[in-house]
Amino acid sequence: MDLYFLELFFSGLTRGGIYTLIALGYTMVYGIIGLINFAHGEIYMIAAFIGLTFAGIFSILQFSLISILLIAVFFAMLFSAAYGYTIEKTAYKPLRQASRLAPLISAIGMSIFLREYVILAQTPDFLAFPMLFGDLELPEFMMDFIQPTETIIILVSFFLVGILLLFIKHTKTGKAMRAISQDREMAMLLGVNSDKIISFTFMVGSLLAAFGAILISAHIGQINYNIGFIIGIKAFTAAVLGGIGSIPGAALGGLTLGLIESFATGYISSDYEDVFAFGILVLILIFKPAGFLGKKEHKKV
Amino acid sequence: MTNHPVLSVHKISMRFGGLNALNKVSLQVFPREIAALIGPNGAGKTTFFNCVTGIYKPSGGYIELNGPDLRPKRINGLKPNLITRSGLARTFQNIRLFENMSVLENVMVGCHCRTTSNFLNAIIQTSSFKKEEQGVIEKSYELLKLVGLQGSANLSAKNLPYAEQRSLEIARALATEPRLLLLDEPAAGMNPQETTKLDQLIMKIRERFNLAVLLIEHDMKLVMRISDKVFVMAQGEKIAEGTPGEIQNNPRVIKAYLGEEVDVVS
Amino acid sequence: MKLRIIHSLIITFWFMLLCFPLVVLKIDYLEKSIRFRWINLFLTGLCVFFISLLWRYFLSRRRKYFLRLPEHFFDLHQSRLIRSKPFLFIFSLVFLSLPLILPNYHTSILITAMIYVVLGLGLNIVVGLAGLLDLGYAAFFAIGGYSFALLNHYFGFGFWASLPIAASLACLGGVLLGIPVLRLRGDYLAIVTLGFGEIIRLILENWEAFTKGPSGIPDLPKPGLFGIQLDFYSSTIYLYYLLILCMLAAILVTKRLSYSKTGRAWVALREDEIAAQSMGIDTTKTKLTAFGIGAFWAGIVGAFFASKNSFVDPSSFTFHESAIILSIVVLGGMGSILGVILATMILVLLPEYLRFLESYRMLIFGAIMVIMMVFRPEGLVKSVRQQYDFKNLK
Ligand SMILES: Nc1ncnc2c1ncn2[C@@H]1O[C@H](COP(=O)(O)OP(=O)(O)O)[C@@H](O)[C@H]1O
Ligand SMILES: [Mg+2]
């Protein structure tokens, strides 16, 4: 196997890991309230800005690189969870009983609002993001095809997906989430506090996205207000590819999409990088809307 | 004449995952007949309607509709709109009106099943278009009068009281000029007076339009009063068929209803 | 009342906390400096406080009282004033003479507004009438603009020769997009159309050999007038009148379609797809006509837009553009023609004249979409179906 292939493979895994982290937010929210949370990509973007702000403060205070990284991740997660919670309460909760288009349009509005908010509060330009992984070293032979930051991203995202799966499977809250996603009314009859679980789902989704945001920003080295849009759509593609509503599906879809993109840009052309993702999205939705692991549903009359 | 059924269904089956919602159900409805389909909740009656009207694709069996020329036409596999055009119209158990359209327009939508002008005619407002449109208005208004809704013609459909919404569904279905009308629990949620009116309406419809009616109903008194023939379903199968009198005394039917709160022998 | 204020204060505090890192702090990473912008926090807090007071107030009486007065106020369909002859006469007179009185700059703004009205009407067919949420509508606008630009650039076609081609191509694009997405549910449809819109834009951006890429295509001609040479000033006025015609045509056609078999099928589809099918409506045909006719108008004004600016580039056709057009439809009231016009005035004209609002424009758009959905999903002008008269029937 040649090195170029391996390089593309690992860069695909890295992308896939990030897509997975964000796709989880889409998939969980969709599973629970059937809404495409359009603003999820913007949460990711805001998390990157929050991370940058705190990384900036603490690097000016001359903290060590590793503590800056941890602090940035911590605050990004904290704030994005709070944003996720607030967005749900303002833009979606009042619309529980509304028609299906209403929450979607509200979500689009929220997404536009958040982008503009960041443009106004910070800047429309690109900002440099500190390379928080610094001088990480890998064994010589690996350096040829994989960057140190890529290993971290891949490992962390696998780790987080594992934790999430365990959480959903074994904790009480996780079980409540599954109950609601299967039948909300039934779950509520059985005493599950659905509002609380929905808020919780938004928060978990948001903090996973925040994790992804810091990792990838530190890897790429710059951010702007627009980063959430494209990656949000791609993560959504990943969620749909894997079967929306399914957590292992999000991981599977994320990795598949990451690899396809990486190989397509590597071997075909990088001009049309985003077209590949959109093309896959359109094809999947048209030909196999249930994705890899989703279940097909009969419309009830 | 009477030996040609309008609708004949041959052993259709429908599965949902592991559930056999319909298992080889066959039945025939003849012209000008009022037939009833009864059975406990979950028996598969609505599913049967959905298969016949093309909303579900049955997993086995076939369905034939007699054309005006008395040649049977296979309709399974056709899209619902084509089935409607072949002369089958229905109402829904959980009312499905076009809520934000006016009452009149709901019926007009039904009429358009038989109109021919296209969108270009509408843009240019050709005289044939205008004539057709006027005809549709008149026909719809007639139908509203038939079901007693002429006074509410310009209201939004969602503002009608429940029982009137059911009548509107019937008017809308009639507007498609069916030869067989399928009614899914038309009396559900109606009080006794309203039910009596419905009775008369169904009889009147048959006389006026010369059509056959197949209705799903839980109100046994209504069924016994108006139907010529009764089919009984339970757990996805047809378990009996006969005149109302025969059905009342059929032991299988009584057994199927045991435990159900429906009073068969009234 | 007191409780309400306390509650709003808590919410304000919460939002200030949320906003703090982005609104107050500004880090310059390279220069290692932090700027504190406390004034922003104060202003944000003030806004949040009042908005939250209003929000909670209206939320508590949603459906019962909210916008009760405006509901009648905006009930313009039945308004005698608007339908009265003298009003219409004066209104049209003023509207027609505007470009002759106003400087060119304003005429140009009005042209832009009219372009948006037509776009709004077109999208209104797809989203408002047929209930198909299309997030990639700008793509058809782009197809219209680029068809004209490319025909002109490569073959020297003039505006009038290109217009029908631009419209047909956009219409075709609408139908072609429609075919694969027929089976999709509402929210999936939204995402696919969004993807489609982005694909079109990315192709325009990246296919440099053909489309000239991000730098766009310059030097496009204005519409000709029987070979008469028009200077810049009069050609703008000419364009203004052309757009009035275009807008009137769009209004007339939408209105006529809306009360025909086609339009009723659209609305029936929006209200209940299964019932619509059971009433003999061919959903395939109905959806495709909605996509096709909707895109047709975008194609027409796309060509006008390119001609007005003498220039097209991909940046005019981003997702933002689609979002603006969508918010026109949503704010105006889904399915309402008058609503589209009113919403365009608010969303397009107002920001042009309130320049200080310019940078807040998209922010406000976003907020409006959320607020409308929460408090008045039917939009400013509630679309009411036409009434019929039966007096001469009986
Ligand atoms: N779309 C569907 N998906 C899965 N199961 C269904 C669906 N529609 C009906 N069923 C099942 O089929 C059975 C028959 O239902 P139905 O035909 O509605 O009964 P009835 O109308 O006789 O009360 C029920 O057990 C119902 O749960
Ligand atoms: Mg039923």
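Reminder, nothing fancy here: chain letters follow the sequence lines and each chain counts from 1.
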- request: Look at atom NZ of B/K57 and say whether more than 12 heavy atoms of other residues, nucleotides or ligands are closer to it than 6.0 Å.
  value: yes

query: Top residue by heavy-atom pair count (under 4.5 Å) with chain C, among B/N100, B/L104, B/T176?
result: B/N100

task: Examine whether an atom of B/E133 lies under 4.5 Å from a heavy atom of chain C, and if so say whether it belongs to the side chain, the backbone or both; otherwise answer neither.
output: side chain

message: I want to check a possible cation-pi pair here: C/R256 against B/F129, using under 6.0 Å from ring centre and within 45° of the ring axis as the test.
response: no

message: Which one wins on heavy-atom pair count under 4.5 Å against chain B: C/G263, C/G335, C/A275?
response: C/A275

- request: Tell me whether the centres of the aromatic rings in B/Y56 and B/F16 are closer together than 6.0 Å.
  value: yes

field: CG on B/L143 to CG on B/L149, rounded to 0.5 Å
entry: 10.5 Å

Chain B contact via C/S260 - side chain, backbone, both or neither, heavy atoms under 4.5 Å: both

- request: Measure C/A265 against the heavy atoms of chain B and call it side chain, backbone, both or neither at under 4.5 Å.
  value: neither

message: I'd like to verify something: which residue of C/T289, C/D282, C/L269 has the highest number of heavy-atom pairs under 4.5 Å with chain B?
response: C/D282

field: Region of B/S117 in contact with chain C, defined by heavy-atom distances below 4.5 Å
entry: backbone

statement: Rounded to the nearest 0.5 angstrom, the OG-CG distance for B/S86 and B/L180 is 11.5 Å

- prompt: Around B/K197, counting heavy atoms of other residues, nucleotides and ligands shown, do more than 12 lie under 6.0 Å from its NZ?
  reply: no

statement: Given C/I293, C/I281, C/V253, the one with more heavy-atom pairs under 4.5 angstrom with chain B than any other is C/I281

message: Just by distance, no angles: are the side chains of C/T284 and B/K79 close enough, under 3.5 Å, to form a donor-acceptor pair?
response: yes

- prompt: Is chain C contacted by the side chain of B/L82, its backbone, both, or neither, given a heavy-atom distance below 4.5 Å?
  reply: neither

